[in-house]
Trainee: 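Dropping the structure in here first, questions after.
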There are 2 protein chains.
Amino acid sequence: MVLPSAAGTEPRKITINDVAKSAGVSRQTVSRALNDKDEIDSDTKQRVLDAARALGYRPSRFARGLVRQDTMTIGLVIPDLLNPFFTEVAAAALEAARTRGWQVVVYDTGDRAEEELGTLQVISSQVDAVIGYFSCPEGELEKFTRGMPVVLIGREQRTRFSAIRIDGAAGVHAAVAHLVAQGHTRIGMLDHHTRAEPSVRHEWFTTAAAAHGIEAGMVVGADQTADGGGAALRTLLGEHPDVTAVFTFNDIIAIGALREARRLGRNVPRDLAVIGFDGLQLGALVEPPLTSVALDTRQLGALAIEQVARLLSGGEALAADDLVVRGELRLSGSA
Amino acid sequence: MVLPSAAGTEPRKITINDVAKSAGVSRQTVSRALNDKDEIDSDTKQRVLDAARALGYRPSRFARGLVRQDTMTIGLVIPDLLNPFFTEVAAAALEAARTRGWQVVVYDTGDRAEEELGTLQVISSQVDAVIGYFSCPEGELEKFTRGMPVVLIGREQRTRFSAIRIDGAAGVHAAVAHLVAQGHTRIGMLDHHTRAEPSVRHEWFTTAAAAHGIEAGMVVGADQTADGGGAALRTLLGEHPDVTAVFTFNDIIAIGALREARRLGRNVPRDLAVIGFDGLQLGALVEPPLTSVALDTRQLGALAIEQVARLLSGGEALAADDLVVRGELRLSGSA
DNA sequence: AGCGCTCCCGTGAGCGCTCACGGGACTGCC
DNA sequence: GGCAGTCCCGTGAGCGCTCACGGGAGCGCT
């Protein structure tokens, strides 16, 4: 591959005009050659193509996009690509977008609020709409997304934006009911620890626990990784050795807890029942298979794309009541 | 073939001029208001902002990109977002791209060659360069990527494009050597089955087996999922009940085999040793932890981005010998 | 010659936006 | 009054490309 190495000089962008000049034809002829249009002699076409290659010409997608504005690009902002839950959502969104012929740009904020803003700033001039998990204040969000459709996922507070609510109340209630029915009374929770305030999933847990008349104070924050889940379980069992069941913020933490339980010689589910949240496909691969409050990630992705479509078309958006994905207890081996 | 179907269905696009007219100011003032520029009265600014919101104005990212061409977007094409290996690579590429201030657009082809072409067609006018896994003929590839830098991953044949080679020969050799040292002589393989020809990883396996003087004919094709791995193991053990160790095309298949072995009452590694390929983080979560020929996905992603950078700048590209990621045997519980 | 037709190719216009510049209105100060 | 300075705001130009036209050249036919 031979490219003109711009030695020292500013590598001035090569435009269609440079190619035209080099091939001794007009812009339009170059355009015709590159786009496989009709009205062009095959010899001329080859000459243009050669000239373009020799110059290392790359058409500007902006200029092209400007004139024929037929592409829609959605920005998908997620906290962590390595967390399977988000990749499941991303895959679902990608699939839903594909049926519309839309592009999806994926961004990873690393679960840090400051990255969110940076990403948002960049994104705002790159996409036509944004779908994502955001933990930053709503004001900041609005500032960077002026006039752009935004669909939030899993944000609980009432908001000016469209938000797909994840409602796990019933699912968590069912999970606790299941544990209680199995005879458990000392149920702990491994929560998300990076947020200052307790998570909504934790609230669901305490509510469910209260409904069953059991204590819900045995909570330990966990890093959003399997190792974090393991460490948190160790801490929890250290503080409350009589715990016989744990509910976790998500499946990754649960899987770490599963592993840690094995290391501690606790048989799951006999000595320790574990129930996760998310319902990852991954949960079926571990031993024992994970019981979890499962979310339909495909529906989640599809809903988000659907709502974006409505916002973009200026049509009637889906109401908040329709923008809900409900967690459902899926029983398996671990509880 | 997926073509960009008529995406936006708005009757008429609202431009900056419409907002200007509506607010009774000039284009430039609108621009100033929207971009938080200085030379504007705060009252005017608010009036413009209100007008923009009332009209539902969204700036064109193409026009904006045209005039200040400072954004670089890389297209990352992977076969399956739900396979953790690819998300690890994607995460690595995203991270490497971020340090350069680049965007990454992720595409999922579903491991189907026809999707690759459709994706390529769409992508070619959307990104500045392409990184990806492609199984389609090179000619097709070139046709859709005219003049655009392309970096392939894991393609073995010599190619006109830059390609990052995955070299597992030594790693697989070490894996087989390890199994032989443990006393195994009947080693089977669970290969990838969707390609017509046998995989390169299979060749590495037969070569390594030959070097150790053991038979390598016990091969079963597997679907690229855990279930596929399980089914393939069952088939393999049905055909060759004396097999005591298996090497798999990748970790997902290996994890499925692990689970199936447990169901069949075979203890791993005592009754059946399992060695995977890829070295997924996921491998550490299953029981027993997976022994695998590990690839450095971060290096893979970083290399790809680095090469793209060199191709784009017109500078000297990395040579084929530098574009290699080598698999390395990482011992763990399963073998 | 004149006409119509096909095959190529070029020219003007414009997509929607930002940048550089110019300029009016108003202030303060000599 | 004159001048500089500040604060706003508007105008022309142009980013790189494609689309809609127009038009020359060559052909065959009347």
Side-chain angles (χ1 to χ4, degrees), chain A residues 10-49 51-52 55-73 124-128 146-148, chain B residues 4 7-8 10 12-49 51-52 55-73 124-128 146-148:
Chain A
E10 269 298 316
R12 195 179 54 87
K13 183 96 162 84
I14 292 154
T15 78
I16 199 173
N17 287 310
D18 299 321
V19 179
K21 210 164 298 176
S22 165
V25 295
S26 72
R27 299 191 305 266
Q28 179 61 6
T29 302
V30 175
S31 175
R32 275 191 270 254
L34 292 169
N35 297 359
D36 265 331
K37 289 292 179 75
D38 258 353
E39 306 182 342
I40 186 173
D41 185 81
S42 62
D43 288 347
T44 315
K45 181 170 172 177
Q46 194 54 51
R47 191 155 40 91
V48 170
L49 256 34
L55 292 174
Y57 168 70
R58 296 185 295 118
S60 154
R61 65 201 156 83
F62 291 114
R64 190 173 277 174
L66 225 203
V67 58
R68 47 161 208 238
Q69 41 205 52
D70 53 357
T71 51
M72 193 64 76
T73 302
S124 60
S125 61
Q126 288 295 109
V127 301
D128 300 301
R146 271 192 188 130
M148 199 168 22
Chain B
E10 296 105 311
R12 190 179 54 88
K13 187 91 162 75
I14 293 154
T15 78
I16 199 173
N17 287 311
D18 299 323
V19 179
K21 210 164 297 176
S22 165
V25 294
S26 71
R27 295 189 308 258
Q28 179 61 4
T29 302
V30 175
S31 175
R32 276 192 270 254
L34 292 170
N35 297 0
D36 263 329
K37 289 292 179 76
D38 258 354
E39 307 181 341
I40 186 173
D41 184 83
S42 63
D43 288 347
T44 316
K45 180 169 173 177
Q46 195 53 52
R47 191 156 39 94
V48 170
L49 257 32
L55 292 175
Y57 168 69
R58 296 184 295 121
S60 155
R61 64 201 156 85
F62 291 113
R64 190 173 279 173
L66 226 202
V67 56
R68 47 162 208 239
Q69 41 204 59
D70 52 357
T71 50
M72 192 66 77
T73 303
S124 60
S125 60
Q126 288 293 109
V127 301
D128 300 301
R146 268 187 191 132
M148 198 168 22

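Chain A is the first sequence line, chain B the second, and so forth, proteins listed ahead of strands; every chain is numbered from 1.
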Trainee: Touch check for A/K37, heavy atoms < 4.0 angstrom, all strands: base, sugar-phosphate only, or nothing?
Mentor: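 Sugar-phosphate, no base atom in range.
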
Trainee: Locate the shortest heavy-atom distance separating A/L66 from B/S60; write the atom from each residue and the value.
Mentor: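 Smallest interatomic distance, heavy atoms only, reads CD2-OG, 4.3 Å.
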
Trainee: Counting just side-chain N and O atoms, does B/N35 come under 4.0 Å of either OP1 or OP2 of C/dT18?
Mentor: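 For C/dT18, OP1/OP2 do have a side-chain N/O of B/N35 under 4.0 Å.
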
Trainee: Applying a 4.0 Å non-hydrogen cut-off, can you work out what B/D38 is touching in the nucleic acid: base, sugar-phosphate, or nothing?
Mentor: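 Nothing: the residue B/D38, judged by heavy atoms under 4.0 Å, touches no strand.
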
Trainee: Could you tell me the separation between the CD atom of B/Q28 and the P atom of D/dC9, rounded to a whole number of Å?
Mentor: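 In whole Å, D/dC9 P lies 11 Å from B/Q28 CD.
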
Trainee: State whether B/S31 places a side-chain N or O below 4.0 Å from either non-bridging phosphate oxygen (OP1 or OP2) of C/dC17.
Mentor: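 No, because none of the side-chain N or O atoms of B/S31 sits under 4.0 Å from OP1 or OP2 of C/dC17.
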
Trainee: Rounded to whole angstrom units, what separation is found between the CG atom of A/D18 and the P atom of D/dC15?
Mentor: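 From A/D18 CG to D/dC15 P: 11 Å.
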
Trainee: Counting side-chain heavy atoms from CB outward, which of D/dC9, D/dC15, C/dG10 is closest to B/L66?
Mentor: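 Between D/dC9, D/dC15, C/dG10, the one nearest the side chain of B/L66 would be D/dC15.
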
Trainee: In Å, rounded to the nearest 0.5 Å, how long is the span from CZ of A/R27 to OG1 of A/T15?
Mentor: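 Going from CZ on A/R27 over to OG1 on A/T15, the span is 9.5 Å.
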
Trainee: Which pair of heavy atoms, one from B/V127 and one from B/T73, lies closest together, and at what distance?
Mentor: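 For B/V127 versus B/T73, the nearest heavy atoms are CB-O, 3.5 Å.
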
Trainee: Among the nucleotides C/dT18, C/dC9, D/dC8, which one has an atom lying closest to any side-chain atom of A/R32?
Mentor: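 Taking heavy atoms from C-beta onward, the closest nucleotide is C/dC9.
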
Trainee: Which of these nucleotides, D/dC8, C/dG10, C/dT18, is closest to any side-chain atom of B/V67?
Mentor: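 Looking only at heavy atoms from C-beta outward on B/V67, the closest nucleotide is C/dT18.
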
Trainee: Report yes or no: does B/N35 contribute a side-chain atom to a donor-acceptor pair with the main-chain N or O of B/K37 at less than 3.5 Å?
Mentor: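 Not a single qualifying donor-acceptor pair exists.
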
Trainee: How close or far is atom C1' of D/dG14 from atom CZ of B/R27, stated in whole angstroms?
Mentor: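 My rounded result for the distance is 11 Å.
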
Trainee: Can you tell me how far P of C/dT18 sits from CD1 of B/I40, to the nearest Å?
Mentor: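 Spelled out: CD1 on B/I40 to P on C/dT18 is 12 Å.
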
Trainee: Rounded to the nearest angstrom, tell me the gap between atom CZ in B/R64 and atom P in C/dT18.
Mentor: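 Going from CZ in B/R64 over to P in C/dT18 covers 5 Å.
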
Trainee: According to the Watson-Crick and G-U wobble definitions, with both distances under 3.5 Å, which nucleotide is paired to D/dT30?
Mentor: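 The base-pairing partner of D/dT30, which may sit in any strand shown, is C/dA1.
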
Trainee: Atom CD1 of B/I16 to atom P of C/dG14: distance rounded to whole Å?
Mentor: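 Result: 18 Å.
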
Trainee: Quick check: does any side chain N or O of A/R47 sit under 3.5 Å from a backbone N or O of A/A23, one acting as donor and the other as acceptor?
Mentor: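 The answer is yes, because a donor-acceptor pair under 3.5 Å joins these two groups.
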
Trainee: Can you identify which nucleotide, out of C/dC17, D/dT11, D/dC8, has its nearest atom closest to the B/S26 side chain?
Mentor: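 For B/S26, the side-chain atoms sit closest to D/dT11.
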
Trainee: Using a distance-only criterion (donor-acceptor N/O pair, under 3.5 Å, no hydrogens), is the base of D/dC9 paired with the side chain of B/E39?
Mentor: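 By the distance-only test, yes, there is a pair.
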
Trainee: Let's see if you can work this out: which of D/dC17, D/dC8, C/dT18 has an atom nearest to the side-chain heavy atoms of B/D41?
Mentor: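 Nearest to the side chain of B/D41 among the choices is D/dC8.
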
Trainee: Using whole Å, report how far NZ of B/K21 lies from C1' of C/dG16.
Mentor: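 Rounded to whole Å, this separation is 13 Å.
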
Trainee: Rounded off to whole Å, could you give me the CG-to-C1' distance for the B/L34 and C/dG16 pair?
Mentor: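 From B/L34 CG to C/dG16 C1': 13 Å.
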
Trainee: For a quick test of reading the model: is some side-chain N or O of B/T44 closer than 4.0 Å to OP1 or OP2 of D/dC9?
Mentor: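 Affirmative; the distance criterion is met.
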
Trainee: What are the two closest non-hydrogen atoms of A/L55 and A/S22, and how far apart are they?
Mentor: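 Heavy atoms only, the tightest pair is CD1-CB, 3.8 Å.
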
Trainee: So does A/T29 get a side-chain nitrogen or oxygen closer than 4.0 Å to the phosphate oxygens (OP1/OP2) of C/dG10?
Mentor: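 Checking C/dG10 against A/T29, a side-chain N or O does come within under 4.0 Å of OP1 or OP2.
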
